[in-house]
Amino acid sequence: MADVHELLDTWIANVKDEELLAELTQMKDSGDENAITDAFFQDLAFGTAGLRGTIGAGTNRMNIYTVGRATQGFANYLNDTFENPTVAIARDSRNKGELFVKTTAAILAANGVTAYVYPKISPVPTLSWATRYLHCSGGICMTASHNPAPYNGYKAYGPDGCQITSEAAAAISAAMEATNPFTDVKTMDFDEAVEQGLVKWIDDSVLDAYYDAVVDKSVSNLTPEQVAGAPLKLVYTPLNGTGLIPVTTVLNKVGISDITIVPEQKDPDGNFPTCPYPNPEIREAMQKGIDLCQEVKPDLLLATDPDADRVGVACADGDDYTLLTGNEMGVLLLDYICKMRAERGEDLSRKVAVTTIVSSAMVDALAEEYGFELRRCLTGFKYIGDIITGLSDAGEVDRFIFGFEESYGYLSGDHVRDKDAVNASMLICQMAQYYKLQGINLVQAMRALYEKYGYYHNRTISLSYPGADGAAKMAGIMADLRATAPTEIAGAKVEAVVDYETGVNGLPKANVIEFDLEGGDKAIVRPSGTEPKIKLYIFAKGVDAAAADAQLDAIEESGRKLLS
């Protein structure tokens with residue numbers, strides 16, 4: 001790659017956007033070497049998750065030029081692969097989302113690719129739905145999921161509604177490398193593209209069909225009289241994202257209408273003013289909702305992240321509210337789905353549930369209890385989507401009953417090929433009604449499952465390595481772990497080291513290392529594909545909750561030292 005100062009000068013000479021040009025000029029005038037290096041030391045990598053980065057000027061930033069370069073590469077790939085290709089496009093509430101959508105649609109149009117665009121903000125699952133429903137060749141969603149406000153991203157999808165395959169990502173990346181962002185990107189006026197029919201607005205009928213498909217995935221066996229006898233009371237927050245209309249629309253359709261919205265987090269706002277991380281996994285993002293719950297006294301607090309593909313839940317627990325983890329909710333939902341299907345007399349022995357290699361071992365106990373087939377895949381919901389697509393291609397999509405990953409992503413149907421917080425919100429609320437009739441909430445229901453199957457506890461630790469130095473350090477840590485694996489962790493012997501880079505159990509190669517410990521506990525190390533972080537996943541089973549947590553604490557302490 002060219003020298004960062006040469007790149008800075010090239011961008012200053014070619015950038016037409018006034019805001020970006022001002023940022024570049026200030027960068028040069030200040031002589032801030034760290035800022036210049038961080039903006040230009042690399043190109044944003046295009047992978048199966050597309051692009052993701054902070055908004056701003058430079059090759060390592062999300063801006064109209066990096067988005068344009070990616071779109072030109074995507075357009076080249078589509079035109080080489082499909083006849084008369086079309087693409088569905090959506091955006092969440094993040095800053096610059098509308099600008100990036102219009103930039104993308106205009107470039108696709110100039111390359112002869114028809115773009116179907118949601119006119120308003122819309123969740124990730126509705127993009128996956130539109131891609132399939134409109135029979136598009138691909139899809140694009142402008143989102144950075146639950147990252148902080150400075151971020152945005154560009155998620156690319158294949159015709160099956162899954163995030164693109166590794167092969168497609170490699171082809172697009174190669175096309176990008178051959179593209180100069182200032183001279184090689186074709187574009188046209190967005191309004192002219194609309195007038196010429198090269199950009200088409202997605203109308204409400206597509207969303208209506210999506211809502212019907214979600215409602216169709218209900219597994220509730222409660223009668224209307226039972227529902228009326230135990231009406232659910234809900235506090236909901238969309239965390240200033242896209243979930244408000246889709247989630248409340250679907251809940252109303254299934255008879256759940258007592259919904260109090262967290263006022264500070266109701267309206268879309270890409271600055272996410274109430275929390276630095278709009279992530280339902282963390283208490284800080286949920287705190288406004290918890291505060292409101294102390295007044296409203298609902299049955300549960302529900303929160304969807306900005307692009308409404310993840311959902312988090314908290315329930316009253318003594319004088320406070322306890323957050324359920326992604327693994328706990330995955331286990332609860334899978335158990336509930338199996339219960340409801342078994343009550344209907346369905347044969348679960350031919351059913352398939354899917355989770356990831358970093359998700360709870362408690363799922364194996366459920367599989368043994370109910371008799372369904374459990375498949376594990378790599379981290380990333382696209383791999384769950386690939387399994388659904390494989391079942392569909394074999395004419396067996398009816399076998400799929402549920403998929404989840406520990407990072408709060410769930411899906412119970414084949415209507416989309418990505419995690420779906422709208423679908424999950426409906427299931428969670430109906431499950432809460434089911435347990436309310438038994439006099440318990442979801443936290444209490446989870447404790448009952450622990451009592452039945454054992455205390456399988458999990459924890460995910462994210463360690464940040466920002467900037468150019470951080471990227472080098474991450475690579476060095478993974479290389480050292482492969483060269484000299486630890487012989488013990490937290491005083492427990494490492495009985496096996498599983499390096500997924502070599503390919504394991506037929507899974508694609510991945511930069512993941514698993515350490516299996518004496519006694520059945522384990523630790524898994526994986527660099528994030530979208531952030532400058534290494535994630536440490538740790539697993540322990542104890543005789544009770546305190547024992548399991550103590551084991552997790554010890555493994556975490558050892559793990560942090562390994563990754564320092």
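Values below: every heavy atom of this structure, side chains too, minus hydrogens, waters and symmetry copies.
A donor-acceptor contact closer than 3.5 angstrom links the side chains of Asp203 and Ser205. Counting only N and O atoms by type, the side chains of Asp335 and Tyr370 include a donor and acceptor under 3.5 Å apart. One side chain, Asp420 or Tyr210, offers a donor N or O that lies under 3.5 Å from an acceptor on the other. For the residue pair Ser220 and Gln433, no side-chain donor N or O sits within less than 3.5 Å of a side-chain acceptor on the partner. Between the side chains of Glu328 and Tyr450, at least one donor N or O sits under 3.5 Å from an acceptor N or O. Remark: the Tyr151 side chain and the Arg52 side chain contain no N/O donor-acceptor pair separated by less than 3.5 Å. At a cut-off of 3.5 Å, with distance as the only test, no side-chain donor of Glu264 or Thr274 sits close to an acceptor on the other residue. With no hydrogens or angles considered, no side-chain donor-acceptor pair links Glu406 and Asn458 at under 3.5 Å.
Rounded to the nearest 0.5 angstrom, Phe404 CZ and Ser360 OG are separated by 6.0 Å. In this structure, CZ in Arg399 is found 14.0 Å from CG in Asp414, a value given to the nearest 0.5 Å. Atom CD1 of residue Ile261 and atom NZ of residue Lys266 lie 7.0 Å apart, to the nearest 0.5 angstrom.
A ring-centre distance under 6.0 Å is not found for His415 and Tyr133.
Here the rule is side-chain contact (heavy atoms from CB on, under 4.5 Å) with Arg459, and of Asp553, Ile555, Thr325, Leu536 only Asp553 fits it.
In this structure the side chain of Leu222 never reaches within 4.5 angstrom of the side chain of Gln430, judged on heavy atoms. Side-chain atoms of Asn279 and Tyr408, non-hydrogen and from C-beta on, never get closer than 4.5 Å to each other. Ser359 is listed as a side-chain neighbour of Arg376, based on a closest heavy-atom distance under 4.5 Å.
For the pair Asp418 and Lys155, the salt-bridge criterion is met [side-chain N within less than 4.0 Å of a carboxylate O]. Classification of Arg94 and Asp307 as a salt-bridged pair fails, no side-chain N sitting under 4.0 Å from a carboxylate O. Between Arg447 and Asp317 there is a salt bridge, since a side-chain N of the basic residue sits under 4.0 Å from a carboxylate O of the acidic one. Ionic pairing of Asp160 and Arg417 is not present here: no N-O contact between side-chain nitrogen and carboxylate oxygen is shorter than 4.0 angstrom.
Applying the side-chain hydrogen bond (donor to acceptor under 3.5 Å, both in side chains) test to pairs two or more places apart or on separate chains, those with a residue in residues 496-512 are Arg482-Asp499, Arg482-Asn511, Tyr500-Glu514.
The environment of Lys351 atom NZ is dense: over 12 non-hydrogen atoms of other residues, nucleotides or ligands sit within 6.0 angstrom. Heavy atoms from other residues, nucleotides or ligands lying under 6.0 Å from CG of Leu391 number more than 12. When the shell of 6.0 Å around CZ of Phe82 is examined, it contains more than 12 heavy atoms from other residues, nucleotides or ligands. In the displayed structure, Gln226 atom CD is contacted under 6.0 Å by more than 12 heavy atoms of other residues, nucleotides or ligands.
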